[in-house]
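For reference, the structure discussed in these notes is given below.
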Amino acid sequence: MLGDNSFADERGARPTLAVGASADASVNAPSGVWAENRDGAQVLDLAVYWRLALKHRILILGCFFGALAVGTALTLLMTPIYTAQATLQIDREAARVFNSESVAPSESLIQGEEFFQTQYGLLRSRSLAERVIETLGLASSDEALKSIGVEAPQASGTAASAAEKRRAAALEALQENLSVSPVRGSRLVAIGYDNPDPVVAARIANGFAENFIQANLDRKFESSSYAREFLEERIAQTKDRLESAERQLVAYAANQQIINISEADEGGESGGASRSLTSNNLVALNAALGKARADRVAAEERWRSARTAPLMTLPEVLQNPTIQRLIEQRAILDASYQQKLSVYQPDYPEMVQLKAQIEEAEGQIQTIAGNIRSSIQNQYEIAANQERSLQAQVTGLTGDVLDLRDRSIQYNILQRELDTTRTLYEGLLQRYKEVGVTGNIAANNISIVDLASPPERPSKPNLLVNVILSALLGLGLGVVAALVLEALDETVATPDDVESKLGIPVLGVIPLLEKGQTTTAALADIRSGFSEAYYSLRTALQFSTPEGAPTSLLVTSARPAEGKSTTAFAIAVNLARINKRVLLVDGDLRNPSMHRVVGVENERGMSNLLSGAADLAAVAQRTSQENLFFIPCGPLPPNPAELWGGDRLRHILAEARNSFDHVVIDGPPVLGFADSPLLAASVSGVVFVVESRGTRRGQARGALRRLKVGHAHLVGVVLTKFSTKSTSYGGYDYAYDYKYGSEPAPEPSERKKGKQG
C-alpha cells in the first residue's frame, strides 16, 4: 500500500501540461486559418475556409439564389432606358486665320490636362444645362417635361413660380441623366444622355453638343468685345498723352534754340537718329580738319624731301612731262653734236648752233625743276594754313556743342517720353485693328465629330450585368453572413474548435450514435465505429505520460449529459481488455448513474468508503468484464464536497494502487459543484469531456478555470457526439469501422478472451 508521500511523488512525475497552461493557451489560441509549410513559415490554410463554406452552404446558397432572383425580377420590371451619344473634338487652340495672338489665354502642353478637365466641367455645368432647356423648350410646359420623363410639379402659386419649378425639375433631370465620357488617349469626348424615349435622348445629346459650341463662341466674342472696348479707352488716353508730349517738346526746342536734323537711314529716307545743327557742323568741320591735317603732313613730307634732295632726283621733276620731253630733246641734240664733232670743229657755226641749243634745253630743264620745287613748298604752306584755320573753327564749335548738351538734357527727357508714348500708341492701334479683324471670324476649337442618333436598343437595364452583380452580391452576403455566424458561434463542434478555442489537445473523437442505437450495444460491438473510437482514446492515454496511462484518472465535463459516464466506462473497459486491473469508481455522489450502466446494486459504495464505514475490499465489486472492478456511489451523502475534501480520498487511491493498475473515476460536472476540482487535485490525470455542438466555449473555459483552482493535470479532451454528416473535418469522417476492407484480426486481449470463453 502506498502512503501519501508516494502518491505525491507519483504526481510530481507527471507531464508538465496543466490546466493553467491550457487555459492561457486558449486565450491566445490561433484562429485556425494559418498553417505551417515545410520551411516552418506561416501560410494561409484555404481548407479552413472551404470547410466553413461547406458548413454554411445552405445559408450561402440561399443568399446567392435569393439575390439572383431579386436582381432578375427587378431588372425585368425596370423601364428600358436608351442612351444617345454625340462625339465632340476639343482642341487646345482654334485654327488661326491670321498670324496674331488670340485674346483668350492659350494653353501649354503642361496645362493641357487642366484645360480638358475645365471643358468637361463646362459640359456638366448648370449654365449649359439651362441653355439647353431654353433652346429646346424643355421647361415650356408640363407636356415638355413629360417628354423627357419628368413628372410635372403640382401647379401652385403664380405662373412665374410654376415656370421656375418646371425649370428646376428639367435642370435636375438633365444633370442627372447627362454623362461626359472622355476617350482615353485622344481629344474626343462623348456626350451621352439617358431617356426612355430614344428620339428625345438623341435630341438632348445633340442639344448639349451644339449649345456647348455656341457657348464657347459666345465666350470668345465677349472676350473680343471687352478687348475692343478696353483698347479704345486706352488708345484715347494714349493719344492725349502723345499730343501733350509733342507740344512740350516743340515749345522747349523753340525756347532753347535747339534745332535737330534727322539723319537718313540706309535706304536714303529720313527717319534715323536726329542730331542738332551745331553738332552736325562740328562733325563736318572735324572731318575736314582730319583731312587737312593728313594733307598737311603729306605736303610737309614732300617739301622736306624736295628741300634736301638734288633737284633732278625729285619724283615730281622726273615725272613732269615737259621735263621728260626736254630731256629727250636734249639727248637728241647731244647725240647729233657728238656725231658731227667727228667731222667739224667745235667752232664750226653749225656746231656752235647745236651747242647753244643744248644749253638752252638744259636751262629750261633747270628752270622748270626749280618751279616744281617751289610749288611743293607752296602746297605745304597752303595745307598748314588750312589746318590752322579748321582747327580754330573746331575749337569754337566745341564750346557751342557743350553748351547745347547742357541745354538738351530736358529736351532728351521730353523726347524719350514722346517716343515711348508714340510706340505705345502705335502698338495699341495695331492691336485694336487685329482684334477688330479676328473678332469677326468664328474660329472655334470645338467641333462635332458625330451627331447623336436615336439608339435602337436600350442601354439600361443590362440583364446579364445585373444578374452577375446580383449573384456576386448574394454570394458576398452569404459569405459575410457565414463569417458573422462563425464569429458568433460559441459552440465547440470540431477538434479544431477544441484546439483553437480552448487550447487543449484532443485525445479522441467519439462519433454520434444513430437513432435507436444504445451506448451499451455500441460498446459491446467491438467492430463498431463507436468502439473503435474508444480504442483510439485508450491508445492516446497510453502515450499521454512517459509511464503510460495515468494510474488514477478523473473523467469529468462542464455540464451533465455530455457523455462523461460512457467515456469513463469505455476507458475502464478498454484498459481491462489489455490485461490491466482497473477499478471503476462512480464519483458522482449527487446523481449517480454508473451502477445502471455496469448493472450492479448501489447499496454500498464510495460514500461509505469516504466516510470510513467500509473498506476498499468490501465495496469493490467484480463486473462481467474480466479485470474490471467497480465501486458504485452508495447512499447519497448530505455533504459530498466535505467527503471529497478530506484526506480519506488520497489514502483510498494509495490503497487501490496496490491492487489495481488503473483507477478510473466518473466525476460529477464541474460547473455548479466543488466536487470535481477536489477530485482533480488528488488524481494523476483529468480527462475533460466536451459534447460536440452541445458545450459552449464559455462553459468549457469556466470549467477549466475551476479545475485550475485544484491544480489539476489535464491529459486532454474527448470530443463526444461528433456528427460526421453535419461536419466535415479536414477530410476525415471519423467513421471507425471495418467495412472498408477485409476484417482484421482481433486484438491479442480479445483472442485471449475468446479462448477463455
Side-chain angles (χ1 to χ4, degrees), residues 96 98-106 108 222-295 386-440:
R96 291 187 178 181
F98 293 94
N99 188 17
S100 61
E101 297 182 357
S102 175
V103 175
S106 60
S108 63
E222 291 175 0
S223 299
S224 300
S225 299
Y226 173 76
R228 284 196 300 270
E229 294 176 359
F230 175 78
L231 289 174
E232 288 175 356
E233 181 181 355
R234 295 291 294 175
I235 287 173
Q237 295 175 359
T238 308
K239 183 178 180 181
D240 294 339
R241 288 174 52 192
L242 179 61
E243 293 177 355
S244 176
E246 288 180 345
R247 291 192 185 94
Q248 292 179 8
L249 181 64
V250 172
Y252 184 81
N255 186 28
Q256 296 295 328
Q257 297 296 315
I258 299 175
I259 302 175
N260 289 335
I261 300 175
S262 298
E263 296 181 354
D265 55 11
E266 295 180 357
E269 298 179 357
S270 62
S274 62
R275 290 190 298 186
S276 65
L277 184 59
T278 305
S279 299
N280 284 340
N281 293 335
L282 178 60
V283 171
L285 288 175
N286 190 57
L289 176 61
K291 184 176 182 304
R293 183 177 288 113
D295 294 343
Q386 187 177 7
E387 180 186 3
R388 285 191 293 270
S389 176
L390 291 174
Q391 182 64 51
Q393 294 180 18
V394 168
T395 302
L397 285 177
T398 300
D400 296 339
V401 170
L402 293 176
D403 179 64
L404 180 62
R405 286 186 176 180
D406 293 337
R407 291 182 287 113
S408 297
I409 294 176
Q410 183 63 28
Y411 179 86
N412 293 333
I413 294 174
L414 296 174
Q415 183 66 48
R416 282 194 296 271
E417 183 178 356
L418 176 62
D419 294 340
T420 303
T421 307
R422 182 183 291 110
T423 303
L424 178 60
Y425 177 77
E426 292 175 353
L428 290 174
L429 193 60
Q430 179 66 25
R431 185 58 176 163
Y432 179 77
K433 294 178 180 179
E434 293 176 355
V435 171
V437 174
T438 58
N440 296 324

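Applying the side chain to side chain contact (heavy atoms under 4.5 Å, CB included) rule to Lys291 yields the partners Asp295; only residues at least two apart in sequence or on another chain are considered. Not counting sequence neighbours, the partners of Glu246 by the side chain to side chain contact (heavy atoms under 4.5 Å, CB included) test are Leu242, Leu418, Arg422. Here Arg293 pairs with Glu387, Gln391 under the side chain to side chain donor-acceptor pair (under 3.5 Å) rule; sequence neighbours left out. Remark: Asp240 pairs with no residue by the salt bridge (Lys or Arg N to Asp or Glu O under 4.0 Å) rule, at least two apart or across chains.
Atom OG1 of Thr421 sits about 4.5 Å away from atom CZ of Arg241, to the nearest 0.5 Å. Gln415 CD to Asp419 CG: the interatomic distance, rounded to the nearest 0.5 Å, is 4.5 Å.
Thr238 pairs in a side chain to side chain contact (heavy atoms under 4.5 Å, CB included) with only one of the listed residues (Leu424, Thr423, Leu429), which is Leu424.
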